[in-house]
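Accompanying notes for the structure given below.
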Amino acid sequence: MAPPLAAPRFYTALPRRLLLRPQKPLPCWRRKARPDDQDLYVDDDIGDGFSFSGGKYAEAEGPSKSDEWFAQGRMVKAHALYGNKEKAKDPFFGLTMGKGSQSSDDVFSWFCVETGSSSNPTVLLIHGFPSQAYSYRKVLPVLSDKYRSIAFDWLGFGFSDKPQPKYGFDYTLDEYTSALESLIDAVAPGKLSIIVQGYFAPIVVKYANEHQDKLNHLILVNPPITDKHAKLPSTLACFSNFLLGEIFSQDPLRASDKALTSSGPYMMKEEDATVYRRPYLVSGSSGFALNAITRALGKDLKGYIESMRSILASDSWNTKTTICWGMRDRWLTYDGVANFCDGLKHKFVELPMAGHHAQEDRGEELGNIIKRILR
């Protein structure tokens with residue numbers, strides 16, 4: 001059981017030199033996934049002044065659920081920053097932001113969890129919006145006996161870098177497509193199968209269309225595929241509202257718990273909720289990224305969906321493709337999905353008891369479906 005959250009600690013957005021204090025050594029379970037030459041999370045007990053809770057977990061004798069998950073993974077370097085790499089400053093006061101809002105190096109750091117033998121076929125598990133690689137925690141063990149499975153946090157999520165927008169990464173859909181290519185080149189230079197869930201599916205299809213020679217199979221889980229899906233649900237759209245969006249995206253409960261549980265029947269356990277809340281509790285960087293991504297989706301999602309439909313229906317599309325659909329999705333309507341799939345050569349699989357984040361609702365079931373599709 002994860003330790004209870006600490007009472008909120010508030011830090012004003014002072015320059016970093018005024019917030020410095022002696023650092024305690026990292027516990028062993030936090031050092032495992034950290035590269036030897038970097039202190040990526042040394043100062044994560046100091047907020048950057050923008051998170052509502054602005055602080056950290058309560059001190060505990062042992063690792064939290066979040067610490068245990070972090071210890072299972074490693075940091076992978078992929079995709080270079082653009083621009084002059086100056087220190088990120090907050091958009092309100094122009095003060096230098098905390099380490100959580102800065103890029104860790106000239107190349108971004110991505111958090112990846114890998115299971116299975118490296119000699120097995122590679123499967124890349126890509127989480128949706130807004131979520132984390134942690135959402136595949138029940139899928140990974142199911143696949144581990146037959147596949148080398150890799151789940152990662154997108155930039156802006158989980159333990160991956162969360163640079164302040166305008167300082168190396170702007171969270172546009174085009175940038176995410178390019179960044180995905182860099183990451184895949186780093187973790188899976190050979191052939192692979194890709195499973196992607198939710199609103200990042202059009203980005204993955206765009207990548208896949210340009211690299212069909214690398215793909216064995218593509219599985220789309222509750223992708224936005226009709227014109228109706230181009231409009232974000234109010235639970236997500238609120239993060240892009242003028243002024244209020246900046247506030248809502250800094251609220252750990254609204255950005256994690258409410259966003260995930262509103263999309264389907266999933267009843268989140270408190271120990272799992274602490275993992276999803278953690279990035280928003282540590283600093284405001286996750287909130288700023290969430291705000292930027294939501295704005296980008298509002299602007300470009302419709303065009304990406306139209307492009308994805310065109311690619312999947314094209315005669316030049318030769319990649320084996322399966323669409324899995326959680327029938328209790330509260331964000332994306334089922335209307336028109338079956339009709340689209342009926343006219344294509346792609347497989348269609350229904351998950352009657354799953355919602356939008358099918359890997360959360362029915363992780364083991366989805367894992368077994370993936371194994372049957374890929375065998």
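- Counted by atom type alone, Ser316 and Ser314 present one or more donor-acceptor pairs between their side chains at under 3.5 Å.
- Within the 4.5 Å cutoff, side-chain heavy atoms of Leu220 are placed close to those of Leu312.
- In this structure, Leu243 belongs to a hydrophobic cluster whose other members, linked by side-chain heavy atoms under 4.5 Å apart, are Phe242.
- Using modelled atom types and a 3.5 Å distance limit, the side chains of Lys347 and Thr321 yield no donor-acceptor pair.
- By the 6.0 Å and 45° rule, Arg277 does not stack over the aromatic ring of Tyr280.
- Using bins of under 30°, 30° to 60° and over 60° for the plane-to-plane angle, the ring pair Trp331/Tyr199 lands in the tilted bin.
- Under the 4.5 Å side-chain criterion, counting only non-hydrogen atoms from C-beta, Lys162 is in contact with Pro279.
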Working note: Phe159 + Val113, criterion side chain to side chain contact (heavy atoms under 4.5 Å, CB included); need CA distance, chi angles, decisive distance, verdict. CA-CA 11 Å; Phe159 288 110; Val113 174; over 6 Å; no

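- Within the 4.5 Å cutoff, side-chain heavy atoms of Tyr207 are placed close to those of Ile194.
- Just one residue in the list Pro224, Pro233, Ser263 forms a side-chain contact (heavy atoms from CB on, under 4.5 Å) with Leu332, and that residue is Pro224.
- Separating the CG atom in Asn120 from the OG1 atom in Thr115 is a distance of 9.5 Å, to the nearest 0.5 Å.
- Val139 and Val142 sit in two unconnected hydrophobic clusters of ILVMFWY residues. Membership requires side-chain heavy atoms under 4.5 Å apart, directly or through other members.
- The existence of a salt bridge linking Asp251 and Lys258 is excluded, since no basic side-chain nitrogen approaches an acidic carboxylate oxygen closer than 4.0 Å.
- Under the 4.5 Å side-chain contact rule for hydrophobic residues, Leu244 and Leu236 share a cluster.
- Here the side chain of Ser160 pairs no donor or acceptor atom with the backbone of Leu155 at under 3.5 angstrom.
- One hydrophobic cluster, built from ILVMFWY side chains closer than 4.5 Å, holds both Leu344 and Val204.
- With salt bridges taken as basic N to acidic carboxylate O contacts below 4.0 Å, none links Glu181 and Lys206.
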Criterion side chain to side chain contact (heavy atoms under 4.5 Å, CB included) on Arg328 and Tyr266, from CA distance to verdict: CA-CA 10 Å; Arg328 300 176 71 180; Tyr266 182 59; over 6 Å; no

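- In this structure, Phe248 CZ and Leu253 CG are separated by 13.0 Å, a value rounded to the nearest 0.5 Å.
- Classified by interplanar angle (parallel below 30°, tilted 30° to 60°, perpendicular above 60°), the ring pair Trp154/Trp110 is tilted.
- The environment of NZ in Lys269 is sparse: at most 12 heavy-atom neighbours from other residues, nucleotides or ligands sit within 6.0 Å.
- In this structure, Phe152 and Leu124 have side chains that are in contact, with non-hydrogen atoms separated by less than 4.5 Å.
- Contact annotation: the side chain of Ile219 approaches that of Leu374 to within less than 4.5 Å [non-hydrogen atoms, C-beta and beyond].
- Looking only at side-chain heavy atoms (C-beta outward), Trp317 and His346 come within less than 4.5 Å of each other.
- A donor-acceptor pair under 3.5 Å links the side-chain atoms of Lys77 to the main chain of Val107, judged by distance alone.
- When each of Asp335, Leu301, Val337 is tested with His229 by the rule side-chain contact (heavy atoms from CB on, under 4.5 Å), just one qualifies, namely Val337.
- Between Phe70 and Phe111, the two ring planes are parallel [angle under 30°; tilted spans 30° to 60°].
- With respect to the salt-bridge test (charged N to carboxylate O, under 4.0 angstrom), the residues Asp227 and Arg309 qualify.
- Distance check: Cys324 SG to Arg362 CZ gives 14.0 Å after rounding to the nearest 0.5 Å.
- In this structure, the side chain of Gln132 does not engage the main chain of Asp153 through any donor-acceptor pair within 3.5 Å.
- No donor-acceptor pair closer than 3.5 Å links the side chain of Gln359 to the backbone N or O of Tyr134.
- Distance check: Tyr171 OH to Asn291 CG gives 11.0 Å after rounding to the nearest 0.5 Å.
- With hydrogens and angles ignored, the 3.5 Å screen pairs a side-chain donor or acceptor of Ser144 with a backbone N or O of Pro141.
- Atom NZ of Lys345 has more than 12 neighbouring heavy atoms from other residues, nucleotides or ligands inside a 6.0 Å radius.
- Residue pairs meeting the side-chain hydrogen bond (donor to acceptor under 3.5 Å, both in side chains) criterion with at least one partner in residues 366-375, sequence neighbours excluded, are Asp145-Lys371.
- The minimum heavy-atom distance between His127 and Ser135, with the atom names listed, is CB-OG, 3.8 Å.
- Between Arg148 and Pro121, the closest side-chain pair of non-hydrogen atoms is not below 4.5 Å.
- The main-chain N or O of Phe108 is never found under 3.5 Å from a side-chain atom of Asp161 such that the two would form a donor-acceptor pair.
- With rounding to the nearest 0.5 Å, the separation of CG in Leu232 from SG in Cys238 is 10.0 Å.
- A distance-only check finds a donor-acceptor pair linking the side chain of Thr177 to the backbone of Leu173 [under 3.5 Å].
- Note on ring orientation: taking the six-membered ring where Trp is involved, the planes of His79 and Phe169 are perpendicular (angle over 60°, cut-offs 30° and 60°).
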Could you walk me through whether Ser64 and Thr274 satisfy the side chain to side chain contact (heavy atoms under 4.5 Å, CB included) test, starting with their C-alpha distance in whole Å, then the side-chain angles of each, then the deciding distance to 0.1 Å, before giving a yes or no? CA-CA 9 Å; Ser64 69; Thr274 60; 5.8 Å; no

Given Ile184 and Lys214, is the side chain to side chain contact (heavy atoms under 4.5 Å, CB included) satisfied, shown in steps? CA-CA 10 Å; Ile184 291 177; Lys214 278 185 63 73; 3.8 Å; yes

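- Taking NZ from Lys302 and CG from Asp300, the interatomic distance works out to 12.5 Å, rounded to the nearest 0.5 Å.
- Around atom CD of Gln212, more than 12 heavy atoms belonging to other residues, nucleotides or ligands sit under 6.0 Å away.
- Residues Lys146 and Val123 fail the side-chain proximity criterion, which asks for heavy atoms closer than 4.5 Å.
- Under a hydrophobic clustering in which Ile, Leu, Val, Met, Phe, Trp and Tyr are joined whenever their side-chain heavy atoms come within less than 4.5 Å, directly or via other members, Met308 and Tyr334 fall into the same cluster.
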